[in-house]
Structures are given as C-alpha cells and as structure tokens.
There are 2 protein chains.
Amino acid sequence: MSCILRLSQSLRARGYRVTPQRLAILEALHHEGHLSPAQVYERVRQTGMTEATVYRTLEFLRANNILFAAQREGGHLTYELAGASHHHLICRTCGAQVDLEAEALQRLIACLEQQSGYRLDASHLTLFGLCPNCQACNEIRDPEPRDTRDQVS
Amino acid sequence: MSCILRLSQSLRARGYRVTPQRLAILEALHHEGHLSPAQVYERVRQTGMTEATVYRTLEFLRANNILFAAQREGGHLTYELAGASHHHLICRTCGAQVDLEAEALQRLIACLEQQSGYRLDASHLTLFGLCPNCQACNEIRDPEPRDTRDQVS
DNA sequence: ATCCTTATTGATAATTTTTGCAATAAAGAC
DNA sequence: GTCTTTATTGCAAAAATTATCAATAAGGAT
Ligand SMILES: [Mn+2]
Ligand SMILES: [Mn+2]
Ligand SMILES: [Zn+2]
Ligand SMILES: [Zn+2]
C-alpha cells in the first residue's frame, strides 16, 4: 500500500502519470512472485485493460527500475516488484528454483566492472543448470558415460 | 567445413538425422557472429525452408550444444556456433558489446556451484549495463543528481 | 537398388508479442 | 471547478513464435 504510493510519487516526479492500469498491475504483482505477462493479464483483465497495455506497462515499469525482469528457460520474460537484489538458479530438467543473496555475486560483479569499465546492472540474474536431484537421476540413467575418444567410424 | 562434418557425425551418433535444412543453417552461422532467427532465415530462405523449421532447428541445435543462445535486450534470442566459452557485456544505451574470456567468471561459477549444489551451464552469459562512453554522457546530461530525500509534497 | 522405420519437414493454424494511430484522460495551471 | 497539454490507452493490424499433423525423406537393413 504505502509501497505503491511511494512508487506513484516517484513516477509523477519523473513526469510520468499514475494510471489505474499501472496501479492495477502493481497491485497484481504485490506479494506475488514472478509473473509472466499472461499471468498478469489474468489478474487484471476484469479492469478491461488490454493485453497490449500489459506488455507496454510491464516494460515501462521495468525500464524505470520499479520491476525486475527475469528470463525463464526459452527466453520468456517474467516480472516481479523490484526489491532486494537477488539472483536465481533454475534447474533445466525439473525447474527447481533457488534464490541467491545478491552479495554472493557482488564481489565478482565489481571485479568485472573494474576490468571492463562497464557499469553493470546485474541486480537480478538467472543462471541455468542441473539441481542436485537431477544430477543424481542422470547418473543413474547414464551409468557409465562411455569413453568414445578413440572410436573409429 | 571439417567442422560441420564433425558436427554431422556427432548428430548421427546420437540417433538424429543430418538434413539439408540443418546443414544450411549451420553453414549460415559459420563464421557469422550472433544471428537472430530472422537473420538466419534471410540467409537460408533460398533453400525453400520454412520459418518454423528455422526456429525448431535453432532450438534443436542449441539443446544439443551445437549452438550457443544469447538474449539480447528485451529477451530476444540470438544464436552462434558453440565454440570457446565466453560471455558478453552489452551497453543498454548504445548497444556496444564487449566479450569476456570465460575464465573471468570461471572461479565464481565454481564457487556458486559448490554453495548451491547445482551444476551450472553458464558457458555463455550476457550482462547488461552502461559502457564507459555512455556513463560519461549521462554525467554530462544529469549534472547533479539532486537530493530529493526530505522533499515534502 | 529397394524397403522400412521414424525423425524431420512443410503447411497451416494458434498463440504471443509488437506496432501505429486516433481517442482518452492524468495532472498541472488557472 | 474549467482549460490545456501531452502521456497513455484501446483498438486493430502486423509481426514473431509456437503448436498440430499429415507428408516427406534420412539412414540403416536387406
Ligand atoms: Mn527474482
Ligand atoms: Mn557469444
Ligand atoms: Zn532438477
Ligand atoms: Zn554505451
């Protein structure tokens, strides 16, 4: 509540307008985790808002650092209210998600910034891989990753 | 050439088939940098291949570690022949790209893997930020980031 | 060379995301 | 409150991406 009010003021201060559409979307994302544009639309369609507006608004709010965007596998976008910086590890096989404190990467990011001269906005990264469970499954399924080095065709 | 031949054998060994469509796409990506699906299609449409096939084939080759995929700003995918592991820094303002040796992140990735138990496939990451030039521009444009802390409305 | 199995493609439709532009309405001035 | 400016929306069409399914053809066997 107070949170959304503060965001409204911040928007107006930058010359943007606070519309019922933007408020509805912020409300929908309030306390929910990551939502896809379609999921956001579900939660606000009652207001009569268009899908196009959902896409535009999400991108607008992200560009203004009010939302974090994250890429699910395959590149589909997902949004959440921007808050404490954090990152995600997602299992490519079962989809399990783990959150990472930002500081886990902080040092590295700083290091990269110094090396490259870039100022990175890496406050919300997503890395893909295999969770411990799925690693175990794979080992069982592929008992001995056969040696194919010197195989002659 | 020899490169594509090796890939073909690798595919057949896994029970997949080597089709003129797959060869054309690999050929198109040979020596080119990152291409979007549309750009790939441009380069192979003469063969009569469908756009659907381009999308399917790119995803197929990526899933089989023959291509790297990268997300451009906004989440649009881009592909390149998988080769030496490397990462990208992209400027959100001017689009300037910098490549990073993989080893720059290697240590951190290993560290994250140990902490989380995940096995990460972070061989081709893209980070966004501001390049040195655009940082300078912004400083000129926003001379004094005014203090708005105690501003009463 | 011929036959068989089935992985892969083309054609088409469905879905998702983006775009252009006229109509609307937020918010500041009065 | 009314007026004015112009950021924002709805609408409709375009473009990009994905899904379905019958027809095709790769590649192994004979
Ligand atoms: Mn998140
Ligand atoms: Mn690359
Ligand atoms: Zn898993
Ligand atoms: Zn730049």
Roughly, in whole Å, what's the span from OH in B/Tyr41 to P in D/dA15?
-> 14 Å
A/Asn133, CG atom: more than 12 neighbouring heavy atoms under 6.0 Å | no
Is there a donor-acceptor contact under 3.5 Å linking the side chains of B/Asp99 and B/His88?
-> yes
If you check the A/Thr50 side chain, which of C/dT17, D/dG10, C/dT9 turns out closest?
-> D/dG10
Atom-to-atom span, CE of B/Met49 to C1' of C/dG10 - whole angstrom = 12 Å
Spacing of A/Arg45 atom CZ relative to C/dT16 atom P, expressed in whole Å = 11 Å
Nearest listed nucleotide, side chain of A/Arg22, among D/dT8, D/dT17, C/dT8 | D/dT8
Any B/Thr19 side-chain nitrogen or oxygen under 4.0 Å from OP1 or OP2 of C/dT9 = yes
What is the distance from CZ of A/Arg14 to P of C/dA27, rounded to the nearest Å?
-> 14 Å
Rounded to whole Å, OH of A/Tyr55 lies from C1' of D/dA15 at a distance of 13 Å
Closest nucleotide among C/dA7, C/dA27, D/dG28 to the B/Arg12 side chain = D/dG28
Which nucleotide, C/dT18, C/dT9, C/dT17, lies nearest any side-chain atom of B/Thr57?
-> C/dT9
Check whether the side chains of B/Ser10 and B/Arg14 place a donor and an acceptor atom closer than 3.5 Å, and report yes or no.
-> yes
Minimum-distance nucleotide (side-chain atoms of A/Gln21 versus C/dT8, C/dA27, D/dG10) = D/dG10
Side-chain contact, heavy-atom cut-off 4.5 Å: A/Thr53 with A/Arg56?
-> yes
Taken to the nearest whole Å, CD/B/Glu51 to C1'/C/dT8 is 18 Å
Between B/Tyr16 and B/His76, which is nearer to the 5' end of DNA chain C once each is assigned its nearest nucleotide?
-> B/Tyr16
Rounded to whole Å, CG of B/Leu23 lies from C1' of C/dT9 at a distance of 14 Å
Do A/His124 and A/His86 have a side chain donor and acceptor closer than 3.5 Å?
-> yes
Toward the 5' end of DNA chain C, which comes first, A/Leu77 or B/Gly48, by nearest nucleotide?
-> B/Gly48
Go through the N and O atoms of the side chain of B/Arg56 and the base of D/dT18, and report whether any donor-acceptor pair is under 3.5 Å.
-> no
More 5' along DNA chain D: B/Ala38 or B/Pro20, using each one's nearest nucleotide?
-> B/Ala38
Please report, rounded to the nearest Å, how far the C1' atom of D/dA7 is from the CG atom of A/Leu11.
-> 12 Å
Donor-acceptor pair (no angle test) under 3.5 Å: B/Arg17 side chain, C/dT6 base = yes
